[in-house]
Amino acid sequence: SEFTSSRKREHLEICCENDIETGFAGFDDIRLVHNALPECKLESIDMSVRFLGHNLSSPVFIAAMTGGHPDTLQVNKNLALAAEHFNIGMGVGSQRAALENPQLSDSFTAVREAAPKAFLCGNLGAIQLVEKGPEWADKAVEMIDAQALCIHLNPLQEAIQPEGDHDSNGCLKAIDELSRTSKYPVIVKETGCGISRETAQKLWSAGVSAIDTGGLGGTSWAAVETLRAEDKNLINLGRNFSDWGIPTAVSLIEIAGFEKPVIATGGIRSGTDIAKAVALGANLCGMALPLLKPAMENSDSLNKAIDNIHRELAVSMYLTGSKNITSLSKSRTYITGITRQMAGF
Ligand code: FNR
């Protein structure tokens with residue numbers, strides 16, 4: 001577990017100091033239809049959403065990033081303060097290290113302390129769920145008094161790490177069992193390679209409450225692992241897979257529209273990207289990297305970044321004549337380029 005926690009800190013630093021974004025998320029291929037007669041007031045735009053029974057002020061979701069090392073406490077606290085201040089949802093990073101070693105749980109419990117009322121999601125890898133069973137899932141939820149639990153899938157990252165877990169047998173069964181027995185909603189997320197239509201179908205059948213695309217086009221774990229690696233063959237392996245996966249916009253088109261809650265994450269970089277994702281069927285939009293950098297500075301920088309994102313979202317809504325998120329979700333989009341080809345239109 002000490003190993004897991006030091007790796008975590010290394011990841012944060014690598015993400016902030018290097019270009020670790022690869023591939024394309026597809027949002028450049030999506031255009032919202034301009035409405036020259038919005039017939040509404042910019043300042044009265046309502047960005048609020050309801051998600052898994054919770055009222056949130058906007059679809060912005062602070063995607064899972066960190067915790068489990070004392071050096072991550074302040075970052076997590078800043079993220080949590082923002083979640084509370086804006087009344088937006090937040091996911092914590094993998095709680096594995098803190099479950100293995102409860103001394104490392106401070107950086108997670110601090111999140112709930114800083115955000116007593118916020119919609120918080122716990123986080124655990126599907127492989128840990130297979131190994132440790134639903135008791136660990138319950139413990140992860142209890143640790144931060146979470147409203148939901150995210151189970152992450154990261155076969156690419158595991159596959160290119162020599163010390164990674166290379167056996168994903170039993171993940172779907174474990175997710176199925178947890179979804180059917182837990183008292184809290186289970187959200188399944190990818191971490192940069194997207195969820196296909198076929199995978200989503202299996203997850204809905206397993207009874208999960210929501211799916212997070214975690215698509216290609218933002219933070220790439222293959223890129224992060226490549227930077228961490230010293231072995232030449234590993235570096236080549238990581239490079240080879242740095243643009244592997246389903247772009248977020250394509251994943252969203254494949255899995256949204258089943259009247260099930262969907263979170264779009266992976267390469268969402270502005271309030272306009274959020275508006276596009278909502279128009280394609282997303283209920284929430286997760287951002288990790290764009291919020292990590294300001295959160296590493298201070299609470300004020302992070303709040304300003306989120307204010308800017310909200311402003312971009314509000315202007316995008318205004319210019320499509322969408323008074324609220326329901327209206328935005330019904331607005332028409334132009335889908336062009338590779339995204340259109342991949343989506344099969
Ligand atoms: C992540 N992500 C992540 N996801 C997860 O389920 N558990 C985790 O522990 C982490 N850890 C983590 C650390 C850091 C530093 C980053 C940047 C990301 C993945 C994250 O939630 C998200 O799915 C991807 O980063 C894609 O979003 P962005 O970064 O492109 O906005």
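Whatever order the structure lists them in is the order used to number ligands and atoms, beginning at 1. As a basis for the values below, the full set of heavy atoms in this structure was taken, side chains included, without hydrogen atoms, waters or symmetry mates.
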For Cys15, the atoms of ligand 1 under 4.0 Å from one of its heavy atoms are 15 (C)
At under 4.0 Å between heavy atoms, what of Cys150 touches ligand 1? The answer is neither
Contact region, Asn123 to ligand 1, non-hydrogen atoms below 4.0 Å, reads side chain
Checking heavy atoms under 4.0 Å, the part of Phe61 that sits near ligand 1 is neither
Would you say Leu32 and Leu319 make side-chain contact, with heavy atoms under 4.5 Å? no
*Consider ligand 1: state whether an atom of it lies below 4.0 angstrom from any non-hydrogen atom of Gly192.*
no
- Kindly indicate whether the side chain of Phe86, heavy atoms from C-beta on, has any atom under 4.5 Å from the side chain of Val60. no
To atom 25 (O) of ligand 1, the nearest of Asp273, Thr219, Val224, Leu292 on a heavy-atom basis is Thr219
### Within 6.0 angstrom of Glu131 CD, more than 12 heavy atoms from elsewhere
yes
Ligand 1 to Thr265, heavy atom cutoff 4.0 Å, flagged ligand atoms 22 (C), 23 (O), 26 (C), 27 (O)
On a heavy-atom basis, the closest approach of Gly68 and Ala97 is O-CB, 4.3 Å
Report yes or no: do Val130 and Leu153 belong to one cluster of Ile/Leu/Val/Met/Phe/Trp/Tyr joined by side chain heavy-atom distances under 4.5 Å? no
Contact region, Arg269 to ligand 1, non-hydrogen atoms below 4.0 Å, reads side chain
Exercise. Under 4.0 angstrom from ligand 1, any heavy atom of Gly67?
Worked result: no
**Prompt:** Would you call Thr66 a ligand 1 contact, heavy-atom distance under 4.0 Å?
**Reply:** no
Tested for side-chain contact (heavy atoms from CB on, under 4.5 Å) against Ile187, the lone hit among Ile263, Leu203, Leu284 is Ile263
Looking only at protein heavy atoms, what sits closest to atom 10 (C) of ligand 1 is Ala64 O, 3.6 Å
Leu234 side chain reached by Pro162 side chain, heavy atoms, under 4.5 Å
yes
Atoms of ligand 1 under 4.0 Å from any heavy atom of Pro290, numbered from 1 in the order shown, are 31 (O)
re atom 18 (C) of ligand 1, the protein heavy-atom contact at minimum distance is Trp221 CZ2, 3.6 Å
Which of Arg96, Lys189, Gln95, His152 passes side chain to side chain donor-acceptor pair (under 3.5 Å) with Asn123? It is His152
Using a plain distance cutoff, I'd like to know if Leu289 has any nitrogen or oxygen under 3.5 Å from a nitrogen or oxygen of ligand 1. yes
What one should report as the nearest heavy-atom pair of Ala222 and Phe241 is CB-O, 3.8 Å
Exercise. Should Lys189 be counted as touching ligand 1, given the test is an N or O pair under 3.5 Å?
Worked result: yes
So CE of Met287 and CE of Met65: to nearest 0.5 Å the spacing works out to 10.5 Å
query: Is the shortest N/O to N/O distance between Ala288 and ligand 1 below 3.5 Å?
result: yes
With the threshold set at 4.0 Å, does a side-chain nitrogen-carboxylate oxygen contact exist between Glu142 and Lys139? no
Atoms of ligand 1 under 4.0 Å from any heavy atom of Leu12, numbered from 1 in the order shown, are 15 (C)
Closest to atom 26 (C) of ligand 1 among protein heavy atoms sits Gly266 CA, 3.7 Å
Met287 heavy atoms within 4.0 Å reach ligand 1 at atoms 31 (O)
Atom 8 (C) of ligand 1: of Ala63, Cys285, Gly68, Ser94, the nearest heavy atom sits on Ser94
If I apply the N/O under 3.5 Å rule, does Gly218 come out as touching ligand 1? no
| task | Fit a plane to each ring of Phe51 and Phe119, take the angle between them on a 0 to 90° scale, and name the class: parallel (under 30°), tilted (30 to 60°) or perpendicular (over 60°). | result | perpendicular
Query - Ion pair Glu113/Lys77, N-O distance below 4.0 Å - result: no
The answer for which part of Met65 has a heavy atom under 4.0 Å from ligand 1 is both
Contact (N/O only, under 3.5 Å) between Gly267 and ligand 1: yes
Heavy-atom closest pair (Leu302 atom, Ala295 atom, distance to 0.1 Å) is CD2-CB, 4.0 Å
